[in-house]
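Side-chain atoms are counted along with the backbone in the values below, which use heavy atoms only and exclude waters and symmetry mates. In this text the structure is predicted, and so the values were computed from the model without any measurement.
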Amino acid sequence: MHRELVARWGSRVVGPDGADRSAIANIVFGDAEQLAWLEELLHPKVVREYLAWREQLSGGDDPPSVLVTEVPLLYETGGEARFDKVVVVTAAPELRATRHGAPGDERASRLLPDEEKIRRADFVYVNDGSLEELDVFVADVMERL
């Protein structure tokens, strides 16, 4: 994939440790055509890798009873069809910004509203409490699954 990135945008998007996500973000967010190109490159590869991982684990001698995958754009890409259940963990935008140290940006405008994700999800947690409270929620979901 690095080859495709460099062919499109030059060596400035690849550093010594791989793709420079910040440099790529500066190119694609705010340019719908560049973002569409990146998503067409990236999303099928991610799906193939996930499906291979799932198949590998399921085909083993002692397959896990539950597999968990974090998918940031699950509903936006129609990916929910590949999963039996969906868990949405959300928080107020202000709290999210304090947790990851960056204000919201134009990326958020591409996302489905939380209300829609909550409506479509099987399990929902508003993550405005402690890690212990989150652990209790996760343990409950895992037991139910």
Side-chain angles (χ1 to χ4, degrees), residues 1-2 4-5 8-9 12-145:
M1 184 170 79
H2 291 126
E4 293 100 330
L5 296 174
R8 179 90 175 193
W9 298 315
R12 66 190 165 128
V13 298
V14 179
D17 297 325
D20 182 338
R21 296 175 65 162
S22 180
I24 293 168
N26 287 334
I27 293 169
V28 302
F29 293 112
D31 186 329
E33 182 181 324
Q34 297 294 340
L35 181 59
W37 177 86
L38 180 62
E39 288 179 340
E40 287 176 23
L41 173 70
L42 188 59
H43 290 183
K45 291 178 186 230
V46 170
V47 170
R48 280 193 304 273
E49 189 169 315
Y50 160 74
L51 292 175
W53 171 76
R54 183 171 75 178
E55 194 65 31
Q56 177 188 10
L57 289 176
S58 298
D61 292 336
D62 187 21
S65 58
V66 176
L67 295 173
V68 177
T69 305
E70 180 181 357
V71 184
L73 297 172
L74 180 72
Y75 290 120
E76 292 80 358
T77 61
E80 70 272 17
R82 291 187 300 274
F83 298 90
D84 296 324
K85 299 290 181 190
V86 173
V87 177
V88 168
V89 177
T90 188
E94 303 79 26
L95 184 54
R96 290 180 205 167
T98 63
R99 287 182 173 162
H100 65 69
D105 57 18
E106 66 274 4
R107 293 178 232 194
S109 67
R110 298 180 54 242
L111 303 176
L112 283 178
D114 278 359
E115 296 78 22
E116 178 64 14
K117 291 178 184 181
I118 289 168
R119 186 186 68 72
R120 295 167 70 175
D122 300 291
F123 302 94
V124 177
Y125 183 73
V126 178
N127 191 10
D128 58 3
S130 68
L131 287 175
E132 291 77 19
E133 291 168 320
L134 176 60
D135 285 344
V136 169
F137 168 78
V138 171
D140 179 61
V141 169
M142 293 300 288
E143 185 175 318
R144 292 164 92 186
L145 294 175

Checking side-chain contact (heavy atoms from CB on, under 4.5 Å) for the pair Lys117/Leu74: CA distance, chi angles, key distance, verdict?
-> CA-CA 9 Å; Lys117 291 178 184 181; Leu74 180 72; over 6 Å; no
Check step by step if side-chain contact (heavy atoms from CB on, under 4.5 Å) holds for Val28 and Glu39.
-> CA-CA 10 Å; Val28 302; Glu39 288 179 340; over 6 Å; no
Given Leu145 and Lys85, is the side-chain contact (heavy atoms from CB on, under 4.5 Å) satisfied, shown in steps?
-> CA-CA 9 Å; Leu145 294 175; Lys85 299 290 181 190; 3.6 Å; yes
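His43 contributes atom NE2, which lies 9.5 Å from atom CD of Glu76 (distance to the nearest 0.5 angstrom). A distance of 8.5 Å separates OG1 of Thr90 from CD of Glu115, quoted to the nearest 0.5 Å. The CG atom of Asp140 sits 7.5 Å away from the CZ atom of Phe123 when rounded to the nearest 0.5 Å. In this structure, the separation between CD on Glu40 and CG on Leu35 is 10.0 Å, given to the nearest 0.5 Å. Going from atom CG of Leu57 over to atom CG of Asp62 covers 11.0 Å, rounded to the nearest 0.5 Å.
Annotation: side chain of Leu38 is in contact with side chain of Trp9 (closest heavy-atom distance under 4.5 Å). Between Val66 and Met142 there is a side-chain heavy-atom pair separated by less than 4.5 Å. Using a 4.5 Å cut-off on side-chain heavy atoms (C-beta onward), Phe83 and Val71 make contact. Proximity of Val88 to Tyr75: side-chain heavy atoms (C-beta onward) are separated by under 4.5 Å at one or more points. In this structure, Leu41 and Arg8 have side chains that are not in contact, with every pair of non-hydrogen atoms separated by 4.5 Å or more.
For Leu5 against Ala19, the heavy-atom pair with the smallest separation is CD1-CB, 4.2 Å. Across all non-hydrogen atoms, the minimal contact from Val124 to Phe137 is O-CE1, 3.5 Å. Closest heavy-atom contact between Glu4 and Trp37: O-CH2, 3.6 Å. Counting all heavy atoms, side chain and backbone alike, Ala23 lies closest to Arg12 at CB-O, 3.7 Å. Heavy-atom minimum distance, Arg54 versus Arg82: NH1-O, 2.8 Å. Nearest heavy-atom pair, Ser58 versus Pro63, reported as atom, atom and distance to 0.1 Å: O-CB, 3.5 Å.
Under a 3.5 Å cut-off, the side chain of Glu49 and the backbone N or O of Val46 do not form any donor-acceptor pair. The closest donor-acceptor contact from the side chain of Asp128 to the backbone of Ala91 lies at 3.5 Å or more, if one exists at all.
Environment of CG in Asp84: sparse, with no more than 12 heavy atoms of neighbouring residues, nucleotides or ligands closer than 6.0 Å.
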